[in-house]
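One structure is given here, and the rest of the page talks about it.
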Amino acid sequence: DLEKVIMELEEQFLEVVRAIQVDSECVDISDIKTYVTLIPAVMKREHKSFLMEHQQAIAQASSVTEIITLLNLYWDCFNYSLLEHLVEKCGRNDTKQQMKQFVQDLKAFMKETKLADLMRIWKGREDVPSGFSQLIVRHELDPKQTTLSDLDEFRKDFCRHYSLHHMVLIFRSLRHGSVAVVWLIPSHVVEHLCAEMKNPEVGSKVLTQYSVLEVLINGVRVFVSMSGNDKEEKVPEKELNYGKICDADIARVAGEL
C-alpha cells in the first residue's frame with residue numbers, strides 16, 4: 001500500500017545518508033565543507049550562498065557527522081537534491097548506484113501518486129526550523145488529478161521564475177480544502193522573493209499557470225489572485241504586504257487553510 005511505499009522510500013534515503021557518512025571518512029573534511037558551501041547560489045543575481053545561515057557552523061564542524069546533522073534541515077526523501085550533490089562529489093560507485101536507484105524509485109512514485117492519496121496517509125511536518133520561513137501556496141487544483149510530479153514541476157518553475165535555486169523550496173506538507181502546499185524557504189531569501197513577486201517585469205505568470213489563489217509567508221499574504229474564478233474575497237492592492245518579512249511578522253495565520 002501507499003504508506004508502506006513511503007516508508008520504504010524513507011528507508012532507502014536513510015541508507016544513502018548512512019553510506020555517504022561512511023564514504024566521507026575517506027575524504028578530507030575540508031573538501032566536504034567546500035562541496036557543501038559551493039552549492040550553486042540561491043539568488044542567481046546576487047550570488048548568495050544556499051547555506052548562508054549555517055555556513056559558520058559547517059566551517060567550525062569537527063566531523064562529517066556534525067555536517068550531516070546540519071544538512072538534515074534541508075533534506076528528506078522528498079528533498080534529495082543536496083544529498084545527491086554530496087554523493088556525486090564524495091560517494092563511492094556503489095553509493096552512487098544506491099542514490100540513482102532511490103531517485104528512480106521516487107520519481108516513479110511521484111508520477112503515479114495523486115495529492116489526494118498522499119494527503120490521506122501522510123501528514124508531513126509542520127515545524128519551522130530556525131533560519132527558515134514557512135511559505136504556503138494555495139492552488140485551485142483537483143487533488144484527485146494532480147500528481148506529486150506536477151507539484152515538483154511547480155517548484156522548479158516557481159524557483160526559475162523568481163531567480164531562486166531549485167533547492168531553496170523544501171516540500172513540507174499538504175492541507176485539505178483547496179490544495180494548500182506548505183513549503184520551507186531559508187529566511188534570508190524572503191526579501192528577495194517578495195521583491196521579485198512585486199516587480200512588474202517579473203510578474204506572476206507562473207502563479208497563474210499553476211492556478212495559484214494566494215501565497216502566504218509566515219502567515220502574511222504576499223500574493224492573491226485577482227481572477228474572476230477566485231472563491232475567496234478579493235483583497236485590495238493596498239492590503240497586500242510585499243515588504244520585508246521576517247519571523248516577527250507572524251501576525252496572522254490563515255485559519256481557512
Side-chain angles (χ1 to χ4, degrees), residues 1-23 68-69 71-88 91 94-129 132 134-159 166-185 209-213 215-216 231 253-257:
D1 60 23
L2 198 59
E3 196 166 4
K4 183 179 178 182
V5 173
I6 292 176
M7 289 176 64
E8 289 173 350
L9 285 169
E10 289 175 341
E11 182 55 34
Q12 266 186 278
F13 181 85
L14 290 174
E15 284 178 5
V16 179
V17 172
R18 289 190 284 265
I20 193 65
Q21 283 182 278
V22 172
D23 295 352
I68 295 294
T69 300
L71 298 184
N72 285 339
L73 293 169
Y74 293 89
W75 68 33
D76 57 39
C77 82
F78 288 115
N79 303 283
Y80 61 83
S81 296
L82 186 51
L83 178 62
E84 189 175 36
H85 172 85
L86 271 185
V87 168
E88 181 60 32
D94 54 345
T95 307
K96 291 177 181 178
Q97 280 301 119
Q98 274 184 279
M99 188 78 226
K100 184 177 179 181
Q101 185 62 53
F102 164 75
V103 173
Q104 182 178 313
D105 292 346
L106 180 64
K107 286 185 174 180
F109 171 78
M110 293 178 72
K111 188 174 182 179
E112 297 167 0
T113 304
K114 303 292 192 294
L115 299 189
D117 296 329
L118 188 64
M119 280 191 270
R120 184 169 45 81
I121 56 94
W122 183 77
K123 293 182 179 180
R125 294 180 60 179
E126 293 292 331
D127 59 311
V128 182
F132 289 85
Q134 185 186 69
L135 184 145
I136 297 176
V137 182
R138 192 163 62 84
H139 301 261
E140 190 174 39
L141 298 171
D142 183 354
K144 294 181 180 179
Q145 298 297 324
T146 307
T147 66
L148 284 173
S149 289
D150 296 330
L151 203 61
D152 201 45
E153 285 305 308
F154 166 76
R155 175 183 63 82
K156 293 174 184 175
D157 288 347
F158 181 92
C159 290
H166 71 92
M167 278 194 255
V168 307
L169 208 54
I170 302 172
F171 181 45
R172 208 61 168 171
S173 64
L174 294 166
R175 296 183 180 180
H176 290 278
S178 299
V179 178
V181 186
V182 181
W183 306 87
L184 291 181
I185 56 173
Q209 178 185 344
Y210 287 92
S211 303
V212 172
L213 296 177
V215 178
L216 301 101
K231 296 179 181 178
V253 177
E256 70 271 16
L257 297 180

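Numbers here are sequence positions counted from 1. Side-chain atoms are counted along with the backbone in the values below, which use heavy atoms only and exclude waters and symmetry mates.
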Could you please spell out the steps behind the side-chain hydrogen bond (donor to acceptor under 3.5 Å, both in side chains) verdict for Q98 and D94? CA-CA 6 Å; Q98 274 184 279; D94 54 345; over 6 Å; no
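- Remark: side-chain polar atoms of R172 are not paired, donor with acceptor, to backbone N or O of G124 under 3.5 angstrom.
- Taking the charged nitrogens against the carboxylate oxygens, K114 and D142 have no contact shorter than 4.0 Å, which rules out a salt bridge.
- Interatomic distance, K96 NZ to I20 CD1, rounded to the nearest 0.5 Å: 9.0 Å.
- The closest side-chain heavy-atom distance from L174 to V181 is below 4.5 Å.
- Each of F102, F109, F78 was checked for a ring pair (Phe, Tyr, Trp, His ring centres under 6.0 Å) with F13, and the lone residue meeting it is F102.
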Evaluate the side chain to side chain contact (heavy atoms under 4.5 Å, CB included) criterion for residues W75 and L86: first the C-alpha distance (whole Å), next the side-chain angles of each, then the deciding distance (0.1 Å), finally the verdict. CA-CA 12 Å; W75 68 33; L86 271 185; 4.2 Å; yes
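- Using a 4.5 Å heavy-atom threshold, the side chains of L151 and L115 count as touching.
- At distances below 3.5 Å, at least one donor-acceptor pair connects side-chain atoms of D150 with backbone N or O atoms of T147.
- Residues C77 and Q12 fail the side-chain proximity criterion, which asks for heavy atoms closer than 4.5 Å.
- A distance of 12.0 Å separates OH in Y210 from CZ in F158, rounded to the nearest 0.5 Å.
- A salt bridge links R18 with E11: the distance from a Lys NZ or Arg NE/NH1/NH2 to an Asp or Glu carboxylate oxygen falls below 4.0 Å.
- Between K4 and D1 no salt bridge is recorded (no basic side-chain N to carboxylate O distance below 4.0 Å).
- Note: L148 CG to D117 CG = 9.5 Å, rounded to the nearest 0.5 Å.
- The CG atom of D76 sits 9.5 Å away from the CG atom of L14 when rounded to the nearest 0.5 Å.
- For the atom pair CZ of F171 and CG of D152, the computed distance is 9.5 Å after rounding to the nearest 0.5 Å.
- A 4.5 Å side-chain heavy-atom check between H139 and T146 finds every atom pair outside the cut-off.
- Proximity of Q209 to E153: side-chain heavy atoms (C-beta onward) are nowhere separated by under 4.5 Å.
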Run N72 and T69 through side-chain hydrogen bond (donor to acceptor under 3.5 Å, both in side chains) and show every step you take. CA-CA 5 Å; N72 285 339; T69 300; 4.9 Å; no
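- Nearest heavy atom pair, residue H166 against residue R155, reads O-NH1, 2.8 Å.
- The minimum heavy-atom distance linking I6 with L118 is given by the pair CD1-CD1, 3.5 Å.
- Pairing each heavy atom of Q134 with each of L184, the nearest pair is CA-CD2, 4.3 Å.
- To the nearest 0.5 Å, the span separating CD1 on I136 from CZ on R175 amounts to 4.0 Å.
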Working for side chain to side chain contact (heavy atoms under 4.5 Å, CB included), residues Y74 and M167: CA-CA 8 Å; Y74 293 89; M167 278 194 255; over 6 Å; no
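- Taking the side chain as every heavy atom from C-beta outward, S149 and M110 approach each other to under 4.5 Å.
- Residues V16 and Y80 fail the side-chain proximity criterion, which asks for heavy atoms closer than 4.5 Å.
- The heavy-atom pair separating L169 from C159 by the smallest distance is CB-SG, 3.8 Å.
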Pair V103-K100, side chain to side chain contact (heavy atoms under 4.5 Å, CB included): steps then yes or no: CA-CA 5 Å; V103 173; K100 184 177 179 181; 6.0 Å; no
Between V137 and F154, does a side chain to side chain contact (heavy atoms under 4.5 Å, CB included) hold up when you go through it step by step? CA-CA 11 Å; V137 182; F154 166 76; 3.9 Å; yes
